[in-house]
Protein chains: 2
Amino acid sequence: MKDKRTHIIETAMNLFAGKGYEGTSIRDIAESASVNLAMVNYYFGSKEKLFESIVKYKSSLTRVLLDEILHNTKFTYIEKIDAVIDSYVERLFTHRSFHRLIYHELILNQRDELQTSIVDNLIPNSIIIKNIIEAGIKKNEFKKVDIELTIATLIGTINQMLLSKKFCNRLLNKELSYVPYDDVKFRKRVKNHLKQLMHSYLIN
Amino acid sequence: MKDKRTHIIETAMNLFAGKGYEGTSIRDIAESASVNLAMVNYYFGSKEKLFESIVKYKSSLTRVLLDEILHNTKFTYIEKIDAVIDSYVERLFTHRSFHRLIYHELILNQRDELQTSIVDNLIPNSIIIKNIIEAGIKKNEFKKVDIELTIATLIGTINQMLLSKKFCNRLLNKELSYVPYDDVKFRKRVKNHLKQLMHSYLIN
DNA sequence: TTTAATTAAACAAACGTTTAATTAAAACAT
DNA sequence: ATGTTTTAATTAAACGTTTGTTTAATTAAA
């Protein structure tokens, strides 16, 4: 049996991701997690501290993955970019409810402290990508591009697909019941698109 | 003096965009708009119907702009893409609170009817871009690319910048008080990035 | 005189949080 | 090992607010 604290965190994460922070009540969370209402405040102190616990619990994993790619000396720079794309698509599509939660919180301007902590957790990932592109330019493997906006394109394309299943399916002309994110073929398609895009944009 | 109904809609839009649907109370709206609490329900029936009124009120404008570009025979296809980029960046950056509101609602899976209506309003814009790229490929001006994901890249890049001022400024190494969206230089920078990206990706 | 607009007050329901009482677990001394 | 004490976990109930909505009365406009 799982740790009760962890169980509450994971239940709350899925509810927050689907219904938003204000849209999810502590009673919702307690019922879904099959624990007493008061247990949530007993473990986390308050609703907002629960939210912060979720962010802390889930973060830092992505950074480790990207760091490995950055320091892998077997890769050329464009191969590193390819590896970043593979890693990002897999990670965001798999943990999509968490990432929806993060971007939902970012898009609102409430809870300044929490937003700062989210940005603090996201930016290091961007910096790793920045380092790769910068090094690629220095070694003349890459053209001189707008690095920051290239990162925005990379992450933004994936986020655009992640935003809403309904929008995604309408754009792709798929039926309503289709779940693109779990489809290996679709993941491959997104990876291929981003790789081709980056190859033609970055390489001399 | 403005129409009272319109005044409520515009006030509510800004509040919803900043604090989300559940985070904004009718009392908030009434106070900000300097009208009596009961007037909101008097004019719109309910909070949810007010929300729908906002979406209907603001939509359709973008479509007209894109349609003009699509049917302008003076443009080559890549020039049409450039025009779409200019038009999108200007529109989304200027009406950013409305677009944040839309994407905030999309990212949640609540209120199915409303989400459907948002998607119905967004998809035609994507189809216009699709038509341009398709025609460009047919006339051999463009390479054979993944059209749907190219659209996701176009819109996703802009949305990624629009998501959060804090994230945007940290990525760009700007100070906290800087407002990138109103800066003409920054708009130009985003446009240039997207154009160069699309040129190297689309053109043979 | 009739209709529309506006108001303050009240409604029930849901919210996050706290309390006080009870049960289970852990630590301790014998 | 046993009984005792102390701490942690769990519960149902209640707290004071805030929520969206409705009502009934009043004022303005047609």
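Remember, it's a predicted structure, so these values are computed and weren't measured experimentally.
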**Message:** Output the rounded distance in Å from CE (B:M39) to C1' (D:dT22).
**Reply:** 15 Å
**Request:** Would you verify whether the NZ or CZ of A:K47 falls within 45 degrees of the ring axis of A:Y21 while also being under 6.0 Å from that six-membered ring's centre?
**Result:** yes
**Message:** Distance to the ring centre below 6.0 angstrom and angle to the axis at most 45 degrees; does that hold for B:R100 and B:F93?
**Reply:** no
**Request:** Decide side-chain hydrogen bond (donor to acceptor under 3.5 Å, both in side chains) for B:D183 and B:Y178; before the verdict, give the C-alpha distance in whole Å, the side-chain angles of both, and the deciding distance to 0.1 Å.
**Result:** CA-CA 9 Å; B:D183 182 359; B:Y178 177 63; 2.5 Å; yes
**Complete:** Contacts satisfying salt bridge (Lys or Arg N to Asp or Glu O under 4.0 Å) that involve residues 114-133 of chain B (not counting sequence neighbours) are A:R170-B:D120, B:K130-B:E148
**Request:** Round to the nearest Å and state the distance from B:F16 atom CZ to D:dG20 atom C1'.
**Result:** 12 Å
**Request:** Not counting sequence neighbours, list each pair that qualifies as a salt bridge (Lys or Arg N to Asp or Glu O under 4.0 Å) and has a residue in residues 20-41 of chain B.
**Result:** B:K19-B:D28, B:E22-B:R111
**Request:** Sort and list the pairs that fulfil side chain to side chain donor-acceptor pair (under 3.5 Å) and have at least one residue in residues 191-201 of chain A, not counting sequence neighbours.
**Result:** A:D82-A:H199, A:D86-A:K195, A:E90-A:K191, A:H193-B:T153, A:H193-B:Y201, A:Y201-B:H193
**Prompt:** Reading nucleotides 16-27 of chain C from the 5' end, what letters show protein touch, with B for base, S for backbone sugar-phosphate only, - for no heavy atom under 4.0 Å?
**Reply:** BBB---------
**Complete:** To the nearest angstrom, the CG-P distance between B:N36 and D:dT22 comes to 15 Å
Please tabulate, for side-chain N and O atoms in residues 70-80 of chain A, each donor-acceptor pair with protein atoms closer than 3.5 Å (sequence neighbours left out).
{"unit_1": "A:H71", "atom_1": "ND1", "unit_2": "A:D67", "atom_2": "O", "d": "3.1"}
{"unit_1": "A:N72", "atom_1": "OD1", "unit_2": "A:K74", "atom_2": "N", "d": "2.9"}
{"unit_1": "A:T76", "atom_1": "OG1", "unit_2": "A:E79", "atom_2": "N", "d": "3.3"}
{"unit_1": "A:T76", "atom_1": "OG1", "unit_2": "A:E79", "atom_2": "OE1", "d": "3.4"}
{"unit_1": "A:E79", "atom_1": "OE1", "unit_2": "A:T76", "atom_2": "N", "d": "2.9"}
{"unit_1": "A:K80", "atom_1": "NZ", "unit_2": "A:L70", "atom_2": "O", "d": "2.8"}

**Request:** Would you write the dot-bracket representation of DNA chain D, where each base gets (, ), [, ], | or . depending on whether it forms a Watson-Crick or G-U pair under 3.5 Å and with which partner?
**Result:** ||||||||||||||||||||||||||||||
**Asked** Looking across every strand, which nucleic acid part, if any, lies under 4.0 Å from B:F44 by heavy atom: base, sugar-phosphate, or nothing?
**Response** nothing
**Prompt:** Is it the case that B:Q160 and A:N159 place a side-chain donor and acceptor less than 3.5 Å from each other?
**Reply:** yes
